[in-house]
Amino acid sequence: VQLVESGGGLVQPGGSLRLSCVAPGSIFKIYTMGWYRQVSGKQRELVAVMHPGGTTNYGDSVKGRFSISRDNAKNTVFLQMNSLKPEDTAVYYCSGGFRYWGQGTQVTVSS
């Protein structure tokens with residue numbers, strides 16, 4: 001089972017990025033889809049999740065700046081990241097039910 005992420009990269013502080021994650025339909029339709037991030041040497045932390053019914057949860061550090069959404073027709077979940085800060089630098093992982101994971105995409109916020 002593979003979740004395929006895209007959209008990471010280098011951005012200046014205050015900038016924006018949009019991450020995408022395509023999942024198999026069997027996972028996308030059933031599981032809570034979301035994003036987590038990890039910095040080397042630290043635990044993986046919640047960024048944002050969206051439950052099958054549409055409710056969302058966000059990590060405290062990204063509330064008001066990041067937004068999660070999904071396109072059910074394309075089995076894709078998005079993470080819109082605005083007002084990025086250097087402390088947002090991490091590898092971002094797409095998750096299907098905290099059971100299935102993508103390979104990770106690097107986001108670096110630096111001037």
Side-chain angles (χ1 to χ4, degrees):
V1 175
Q2 188 173 14
L3 308 183
V4 181
E5 300 133 336
S6 60
L10 173 65
V11 64
Q12 292 187 341
S16 298
L17 280 176
R18 189 193 197 203
L19 305 184
S20 301
C21 171
V22 182
S26 58
I27 293 174
F28 189 84
K29 291 176 175 58
I30 296 173
Y31 289 97
T32 292
M33 298 298 300
W35 296 90
Y36 293 78
R37 67 187 183 187
Q38 189 168 23
V39 176
S40 180
K42 295 188 177 181
Q43 285 190 327
R44 194 168 294 189
E45 67 170 353
L46 167 70
V47 177
V49 295
M50 179 174 278
H51 303 286
T55 57
T56 59
N57 295 98
Y58 291 90
D60 288 341
S61 62
V62 306
K63 286 179 181 177
R65 301 187 296 122
F66 291 12
S67 178
I68 189 170
S69 61
R70 57 197 289 165
D71 184 335
N72 292 331
K74 297 182 178 179
N75 295 338
T76 301
V77 61
F78 303 99
L79 182 69
Q80 179 66 42
M81 304 185 292
N82 299 326
S83 302
L84 282 160
K85 304 175 181 180
E87 51 263 44
D88 294 317
T89 295
V91 178
Y92 284 69
Y93 295 91
C94 179
S95 166
F98 210 73
R99 177 177 179 181
Y100 303 99
W101 295 92
Q103 78 283 358
T105 185
Q106 177 70 46
V107 171
T108 302
V109 185
S110 175
S111 56

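Computed from a prediction, not measured in an experiment: that's the story for all the values here.
- I30 and P52 make their closest contact through O-CG, 3.3 Å (heavy atoms, listed as atom of the first residue, atom of the second, distance).
- D88 contributes atom CG, which lies 11.0 Å from atom OG1 of T108 (distance to the nearest 0.5 angstrom).
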Derivation of the side chain to side chain contact (heavy atoms under 4.5 Å, CB included) call for V49 and Y36
CA-CA 8 Å; V49 295; Y36 293 78; 3.8 Å; yes
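- Once rounded to the nearest 0.5 Å, the distance linking CG of L79 with OG of S20 reads 9.5 Å.
- By the criterion of side-chain heavy atoms lying less than 4.5 angstrom apart, applied directly or through intervening Ile, Leu, Val, Met, Phe, Trp or Tyr residues, L46 is grouped together with F98 in one hydrophobic cluster.
- Considering every non-hydrogen atom in both W35 and V77, the closest pair reads CZ2-O, 3.8 Å.
- Q106 CD to E5 CD: the interatomic distance, rounded to the nearest 0.5 Å, is 12.0 Å.
- By the 30° and 60° cut-offs, the orientation of the rings of W101 relative to Y93 is perpendicular.
- No donor-acceptor pair closer than 3.5 Å links the side chain of Q80 to the backbone N or O of R18.
- Put simply, the side chain of F28 does not reach to within 4.5 Å of the side chain of V22, judged on heavy atoms.
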Take S6 and T105 through the test side chain to side chain contact (heavy atoms under 4.5 Å, CB included) and record every step on the way to the result.
CA-CA 7 Å; S6 60; T105 185; over 6 Å; no
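- Nearest heavy atom pair, residue T76 against residue K74, reads OG1-O, 2.8 Å.
- The structure places NE2 of H51 at 7.5 Å from OG1 of T56, a figure rounded to the nearest 0.5 Å.
- Contact record, L84 with R65: CA-NH1, 3.9 Å, taken as the closest heavy-atom pair.
- Here the side chain of T89 pairs a donor or acceptor atom with the backbone of V109 at under 3.5 angstrom.
- Residues Y58 and V47 fall within the same hydrophobic cluster, defined by Ile, Leu, Val, Met, Phe, Trp and Tyr side chains chained together at heavy-atom separations under 4.5 Å.
- Closest approach of R99 to Y31, counting heavy atoms only: NH1-OH, 3.1 Å.
- Both Y92 and I27 sit in one connected hydrophobic cluster of ILVMFWY residues. Membership requires side-chain heavy atoms under 4.5 Å apart, directly or through other members.
- Side-chain heavy atoms closer than 4.5 Å link hydrophobic residues (I, L, V, M, F, W, Y) into clusters, and following such links, possibly through other members, connects I68 to V62.
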Given side chain to side chain contact (heavy atoms under 4.5 Å, CB included), test T32 with N57 step by step and report yes or no.
CA-CA 11 Å; T32 292; N57 295 98; over 6 Å; no
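- M33 contributes atom CE, which lies 11.0 Å from atom OH of Y100 (distance to the nearest 0.5 angstrom).
- In terms of heavy-atom proximity, S16 sits nearest to S83 at OG-N, 4.4 Å.
- In this structure, the side chains of E87 and V39 stay at 4.5 Å or more apart for every pair of heavy atoms.
- The structure places OG of S67 at 12.0 Å from CE of M81, a figure rounded to the nearest 0.5 Å.
- Side chains of E45 and R37 form a contact here, defined as non-hydrogen atoms less than 4.5 Å apart.
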